[in-house]
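Worksheet: the structure to be examined is printed underneath.
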Amino acid sequence: MSCMTQQWLDPIVRVQTLSESGLHFIPNNYIKPVVDRPDSDNALDEINLPVIDIGGFMNGSLESSETTMLAISNACKEWGFFQVVNHGVSNELIRKTKDMWREFFHLPMEEKTTYANLPTTFEGYGSRLGVKRDAILDWGDYFFLQLFPESVRSHDKWPKVPTPLLSAITEEYSKALMNLCKLLTQVLSLNLGLDKSFIWKAFGEEEIGSCMRVNYYPKCPQPGLTLGLSAHSDPGGLTVLMPDYRVKGLQVRKNDEWITVKPMTDAFIVNVGDQIQVLSNAIYKSVEHRVTVNSTEERLSVAFFYNPRGDLPIGPAQELVNPVRPALYKPVTFNEYRLYMRKEGPSGKSQIETLKAE
């Protein structure tokens, strides 16, 4: 992050503060161009993401669950997204994680801002993903933590409020999600015709990176003019989202239309990131998604990102490159790649375009 400035170029305003101030009109720097505004009348609500029961993976070999393997393969190719149920993470742990982070965002502002992040680091309490001056901002605050490998953590950013239990629950949750992601990448590897541990090895084995972003979207007086999170594809490998089961907001782009996701209770929403698009040589594609906000309900979601170790170059797997399908992307390390999001903020699929082979 050495190319970043030490201080924000624009003043940092907490969206939660704006929301709770009683304003009736959002500031101009949150108003999206007309083409990017959500249109609730046109979002497709009758279609939903595939829901896949992976309980069979918990009790036997992956290969014995052929139907489930095929369902995941089809979802990765057709959607880039799917929901998983019977995933092995306890419902109690899911609820504890969400409830404790909701408590954090309801703390007084002065307690939260002791964990404020800077342009030089992702970690901590934040209100904008990009550092670019005069950007059109998203209507949301967040808390970002590096999880694994443990050597990259900034322990001073791990919250000790509202209780030290928050860090302990987050640790327990992150270990459970690491196990789930390892299982899912084994499925993806086999479905690509590769060795079961191919993605795990390519991503750095025991040094695989992971991080978490807790998203907090306050009520918005003019939800039709802005977004909680602008359209983007995830820069990492695999994302596992604990959605807000009470309030819809996630939208996924399919065939140039926006699908409003209806989350299944206690399910996780899984999506392919740019690193797996690159590694699979675009057999699997990361897909644009965004988040809408509303005027009557706050929303909170927890996104877990399973990524390559930061200094490993990731390029198309040689086994998936041939004269008919040459390598589509240049190798790059994840540390280099994710700088784009930090500089520009969420910006569609423009980032992966920078990797296209000549």
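Everything quoted here is computed from the prediction, not taken from an experiment.
The heavy-atom pair separating Arg128 from Leu137 by the smallest distance is CZ-CD2, 3.8 Å. Contact between Phe104 and Tyr115 at its shortest, heavy atoms only, is CE1-CD1, 4.3 Å. Closest approach of His24 and Pro221 over heavy atoms only: O-CB, 3.6 Å. In plain terms, the two heavy atoms of Phe148 and Ser174 that are nearest each other are CE1-OG, 3.6 Å. Minimum interatomic distance between Pro313 and Pro331 (heavy atoms only, all atoms of both residues): CB-CB, 4.3 Å. Nearest approach of Val161 to Leu166, heavy atoms of both residues: O-CD2, 3.5 Å.
Asp274 and Ser286 form a side-chain donor-acceptor contact under 3.5 Å, judged by distance and modelled atom types alone. A donor and an acceptor atom, one from each side chain of Tyr329 and Gln277, are located under 3.5 Å apart.
A donor-acceptor pair under 3.5 Å is absent between the side-chain atoms of Trp79 and the main chain of Asn74, judged by distance alone. Side-chain atoms of Thr113 never come within 3.5 Å of backbone atoms of Ala116 as a donor-acceptor pair (strictly under, hydrogens ignored). Under the 3.5 Å distance criterion, the side-chain polar atoms of Asp234 are left unmatched by any main-chain donor or acceptor of Gly236. Here the side chain of Gln83 pairs a donor or acceptor atom with the backbone of Met264 at under 3.5 angstrom. Asn281 contributes a side-chain N or O that, together with a main-chain N or O of Pro326, makes up a donor-acceptor pair within less than 3.5 Å. In this structure a side-chain-to-backbone donor-acceptor pair under 3.5 Å is present from Ser280 to Ile276. In this structure, Arg37 contributes its side chain and Lys32 its backbone to a donor-acceptor pair below 3.5 Å. A donor-acceptor pair is defined here as one N or O able to donate and one able to accept, closer than 3.5 Å; no such pair exists between the side chain of Trp139 and the backbone of Tyr217. A distance-only check finds no donor-acceptor pair linking the side chain of Asn255 to the backbone of Glu257 [under 3.5 Å]. With hydrogens and angles disregarded, no donor-acceptor distance shorter than 3.5 Å links the side chain of Tyr216 to the backbone of Phe143.
Of the candidates Lys219, Gln16, His106, His106 is the only one forming a side-chain hydrogen bond (donor to acceptor under 3.5 Å, both in side chains) with Glu298. For the side chain to side chain contact (heavy atoms under 4.5 Å, CB included) criterion with Phe82, the lone passing option out of Val270, Ile54, Val272 is Val270. Of the listed residues (Ile199, Ile72, Ile52), just one forms a side chain to side chain contact (heavy atoms under 4.5 Å, CB included) with Val187, and that residue is Ile72. Checking each of Ile269, Val261, Thr265 against Pro243 for a side chain to side chain contact (heavy atoms under 4.5 Å, CB included) leaves exactly one that passes, namely Ile269.
By the 4.5 Å heavy-atom criterion applied to side chains, Met212 and Trp101 are counted as neighbours. Side-chain atoms of Tyr30 and Leu18, non-hydrogen and from C-beta on, do get closer than 4.5 Å to each other.
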Could you go step by step and tell me if Trp200 and Ser189 meet the side chain to side chain donor-acceptor pair (under 3.5 Å) rule? CA-CA 9 Å; Trp200 182 73; Ser189 295; over 6 Å; no
- Stepwise side chain to side chain donor-acceptor pair (under 3.5 Å) check, Asn215 with Ser301: CA-CA 5 Å; Asn215 306 295; Ser301 65; 3.1 Å; yes
Query raised in the report: Should Phe268 and Leu184 be marked as a side chain to side chain contact (heavy atoms under 4.5 Å, CB included) after you check the CA-CA gap, both sets of side-chain angles, and the distance that decides it?
Result: CA-CA 12 Å; Phe268 286 128; Leu184 291 172; over 6 Å; no
(Q) For a side chain to side chain contact (heavy atoms under 4.5 Å, CB included) check, start with the C-alpha distance between Leu177 and Ser210, then their side-chain angles and the critical distance, and finish with the verdict. (A) CA-CA 9 Å; Leu177 270 286; Ser210 65; over 6 Å; no
Practice item. Please step through side chain to side chain donor-acceptor pair (under 3.5 Å) for the pair Glu288 and Ser233, ending with a clear verdict. Key: CA-CA 5 Å; Glu288 277 185 273; Ser233 60; over 6 Å; no
- Given the rule in the side chain to side chain contact (heavy atoms under 4.5 Å, CB included) test, do Leu320 and Arg325 qualify, once you have shown the distances and angles that lead to the verdict? CA-CA 8 Å; Leu320 303 177; Arg325 192 183 185 88; over 6 Å; no
(request) Kindly indicate, with the supporting measurements, whether the criterion side chain to side chain donor-acceptor pair (under 3.5 Å) is fulfilled by Ser127 and Asp141. (result) CA-CA 4 Å; Ser127 296; Asp141 299 326; 2.7 Å; yes
### Test side chain to side chain contact (heavy atoms under 4.5 Å, CB included) applied to Cys220 and Thr226, step by step
CA-CA 9 Å; Cys220 178; Thr226 190; 3.8 Å; yes
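Within a 6.0 Å radius of NZ in Lys349, more than 12 heavy atoms belonging to other residues, nucleotides or ligands are found. More than 12 heavy-atom neighbours from other residues, nucleotides or ligands sit within 6.0 angstrom of CD on Glu205. The neighbour count for Glu66 CD, taken as heavy atoms of other residues, nucleotides or ligands under 6.0 Å away, does not exceed 12.
Under 4.0 Å is where a charged nitrogen must lie from a carboxylate oxygen, and between Glu353 and Lys356 at least one such pair does. Ionic pairing of Arg290 and Asp138 is not present here: no N-O contact between side-chain nitrogen and carboxylate oxygen is shorter than 4.0 angstrom.
Ile283 and Leu355 fall within a single hydrophobic cluster, where Ile, Leu, Val, Met, Phe, Trp and Tyr side chains are chained together by heavy-atom contacts under 4.5 Å. Both Leu145 and Met178 are members of a single hydrophobic cluster when ILVMFWY side chains are connected at heavy-atom separations under 4.5 Å. In the hydrophobic clustering of ILVMFWY residues, with side-chain heavy atoms under 4.5 Å counting as a link, Leu183 and Val89 come out together. No continuous path of hydrophobic side-chain contacts links Val85 to Leu180 [ILVMFWY only; heavy atoms under 4.5 Å]. Note on Tyr306 and Leu312: separate hydrophobic clusters, where clusters join Ile, Leu, Val, Met, Phe, Trp and Tyr whose side-chain heavy atoms are under 4.5 Å apart, directly or indirectly.
Evaluation of the ring pair (Phe, Tyr, Trp, His ring centres under 6.0 Å) test over residues 277-305, restricted to residues two or more places apart or in two chains, returns Phe81-His289, His232-His289. Within the structure, the side chain to side chain donor-acceptor pair (under 3.5 Å) test picks out the following pairs touching residues 150-163 (sequence neighbours left out): Glu123-Ser154, Arg153-Glu171.
By the 6.0 Å and 45° rule, Lys98 stacks over the aromatic ring of Tyr245. For the pair Arg14 and Tyr125, the cation-pi test (distance below 6.0 Å, angle within 45°) is passed.
Atoms NZ and CG, from Lys77 and Asn191 in turn, are 7.5 Å apart once rounded to the nearest 0.5 Å. Atom CG of Asn307 sits about 7.0 Å away from atom CD of Gln275, to the nearest 0.5 Å. Atoms NZ and CG, from Lys182 and Leu238 in turn, are 14.5 Å apart once rounded to the nearest 0.5 Å. Glu319 CD to Leu279 CG: the interatomic distance, rounded to the nearest 0.5 Å, is 9.0 Å.
Ring geometry, Tyr142 versus Phe144: the interplanar angle exceeds 60°, so the pair is classed perpendicular (tilted spans 30 to 60°).
The hydrophobic cluster analysis finds Ile136 isolated: no Ile, Leu, Val, Met, Phe, Trp or Tyr side chain comes under 4.5 Å of it, directly or through other members.
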